[in-house]
Amino acid sequence: MAEDSTKPDFAMVMASAVHDMKNSLSMLLHSLELISDELPDEMKTSGKVATLQYEAERVNNDLIQLLGVYRLENDKLSVHIDEHYVRDFLEEQAARYEVLFNSRSITLNIECEDDLIGYFDRDMTAGIINNTLTNAARYTHDKITLKAYQEGHNTVFEIADNGAGYPASMCSAPGRIFKGIDFETGSTSLGLYFAYQVARLHKQGDKVGSIALENGGALGGGIFRITLP
Amino acid sequence: MNIKELAALPKTYKKLKFLVVDDFESFRMSVKQMLRAFGAEHIDVCSNGKDAVQKCTFERYDIVLCDHNMGEGQTGQQVLEELRFNKRLKHTSLFILVTAETSKEIVIGTKECQPDGYIAKPITKAVLQKRMDSLILQREALLPINRELDLENYPKAITLCTQEIKKGSRYHNWCHKTLAHLYYKAGDLQHAQKIYEDILNKREIAWARLGLGKVQMGQQKYPDAIDQFKKVITDNQDYVEAYDLLSEAYEKVGKRKEAQVILQQAASISPLAIPRQQHLGELATANQDMEGAISAFKAAVKHSNHSVHDSADNYLNLGRSLCDSSELGDPEKSKEHAEEAINILDKAARKYASDDVTASASLIEARVHKGQDNEAASQAAFTIAESLIDESTVNAETGVEFAKTLYRLGKTDRAEKVLHSLAQRFEDDPSIINSIEELLDEPVSLRQKMKARELNKKGISLFEEGALAKAIDTFKEALKETPKHPALNLNLVQVALKSLEGKAPGNSEIAFLNQTLDNVKHIPSQHRQYKRFVSLSKKVAALSDRVNSHTS
């Protein structure tokens, strides 16, 4: 392994920049938490703090996806499939958005059996769920359901809301979106592309993970589903 | 987790001892605040790995939250590695790595040391609480089992695991994994095998497949084990432990080249693990792949800074392989390697400043200079070493190094004297005796060894083709490089005998055969060529009797 010391490795530069930004984000989010505790009630509900938090979360998700997609392109992304308690995992993801959801009067329900065990890459799957949750926070009317269940050998995660739902074009032809990133539609495509790739990296025997989008369900809005073997 | 469990948690936090390690004060403070809010009271903090290790030496922490990247000094992974290495972490303790790093190298590297948890930055209070809650609940539930593991009371731990599984615990998977591992440790391979197979019947799980392979290694079913490890690697290309085990299995069946290739792959996936680089260096050396050895020992030196695996041996081994390699190849490269060797050996002597290290470094330097035809420098280095070595008390490793250098400087008699005295002092240590024998067999430079080996191979294939005279010449040429080499001498005797079949040999032929056998008479009876030596000696004696009876 020859190392060319004169040429900086872009991945290294990016990784260390991301590392630095995440340290900052950590402090930023924590300070926000502390400040919001001290704020008078009318400020708490004004949504300004929540907006700050929402945007910080979005930056964090973008960073994860940016690095993820870069690694994907360079074949450096690998999954670490481990056993996890799904409910604990979902509660942890939901906890990130407590302040945000409260301030926007969004109720989040978790539907998952207590002892459900799933096999997946924790960080990557968390990235996908976080991204979908921030997305749902933007489009929902006031309800989001985070659901997980076992279906045969698969673990299925669903994030549903009572918003207007996904555009029909996205539901009917998700494959087309994954073929390339359409920058006009913004981060949604990048998030979906990343989710699709991460799902596909989850394999068990000859089965691979998949994602799907649809509208309707109990809440009547958009449903994002990721199925992992 | 249920409501009852949750309600009891603040009390649990209260009785636990926490250590928070991070180089940023603001981060330490904010985590400390969060833990306090959860109910924790005993929280220590420190800002670097060295302090963390020291704190863990004097105090038993239940939970260590450690940042990975702490600027200069140890990383979180190295802290964990050192704590595990020195057995400063109990089974009942949790080590949780906090990191903003997502680079593959680091993620895999940290997973190798198996922290009990892994929390990604940014951390918010709500996230930390959820994560800590579930880790602490798990810790509480498994505490009785882990206590027995700490006491090394394995039968009790096995009983408790079995009970926990029967109870239908939510941690039954952890229990199955631990149980299989315990059976394996206790030597009950059958039970371990059954657990792994049961799990694999339900789902392909890497650790279970790996465990099954380990069981098969224990049963000496190496080809089966090789298949298991290969399958793990096909499904999980980054599972480095599987590479390590596959390499080990290849070594067991004598495929050292394959073992090296696999270990090289593991090292390129996870280059930060020092023991792997060290072993890779040794394997490459045994395979006479000096470039491979140099690059592995270089990595060991580079990454061992601040590590518990930091040792003078990394430097000395790098010096040795550079020295060997400076005696091969083109002159320019040879000079480059020689300079690098001197440089690294000087560094070792300065860094470790002990007589043993200085002596070994000087001995290797003396050989390097000799190879560059710099007699004065070689002699100077040798004199330094000589002044530091007391032949009657020298340790085995330095003693063998000493003999090797003596041979290289042409002081054959003294070299043999040193080796014989070492052999007496360490007669009960087979590995030392082995390295002494090896040196007695081939007290020559690597270049000569490689040339001799090449010629030996050629001689064997000439013999197989039936070109006996050519084979004899080739073996004779090889013996110019390694005159005492047992297998080579015996090959020559064997071929010579074959060429004499059906002929009436003269006295000169008999004398030649006896002389060749004489070259091997230094080998002791446990030597792997000894039986062959005895049988060939008998044949030569019989032939000699026949010749003598004819002439008398």
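The chains referred to below are lettered A, B, ... by the order of the sequence lines, with proteins before strands, and numbering in each begins at 1.
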Less than 4.5 Å apart, any side-chain heavy atom of A:Phe224 and any of A:Asn135? no
Could you tell me if B:Arg170 sits above the aromatic ring of A:Tyr85, with its cationic atom closer than 6.0 Å to the ring centre and no more than 45 degrees from the axis? yes
Would a line drawn from the ring center of A:His202 to the ring center of A:Phe120 be shorter than 6.0 Å? no
With a 4.5 angstrom heavy-atom cut-off, is it the side chain or the backbone of A:Glu92 that approaches chain B, or both, or neither? both
Atom group of B:Gln33 that falls short of 4.5 Å from chain A, counting heavy atoms: side chain
Does NZ or CZ of B:Arg276 come closer than 6.0 Å to the centre of the six-membered ring of B:Tyr243, within 45° of the ring's axis? no
Check whether B:Leu128 gets within reach of chain A through its side chain, its backbone, both or neither, counting any heavy atom under 4.5 Å. neither
So, the part of B:Tyr239 with a heavy atom under 4.5 Å from chain A: the answer is neither
State, yes or no, whether a side-chain contact exists between B:Gln260 and B:Leu280 at a heavy-atom distance under 4.5 Å. yes
So for A:Leu28, is it side chain, backbone, both, or neither that comes closer than 4.5 Å to the heavy atoms of chain B? neither
As an exercise: rank A:Arg122, A:Gln93, A:Glu57, A:Glu98 by heavy-atom pairs under 4.5 Å with chain B and give me the winner. A:Arg122
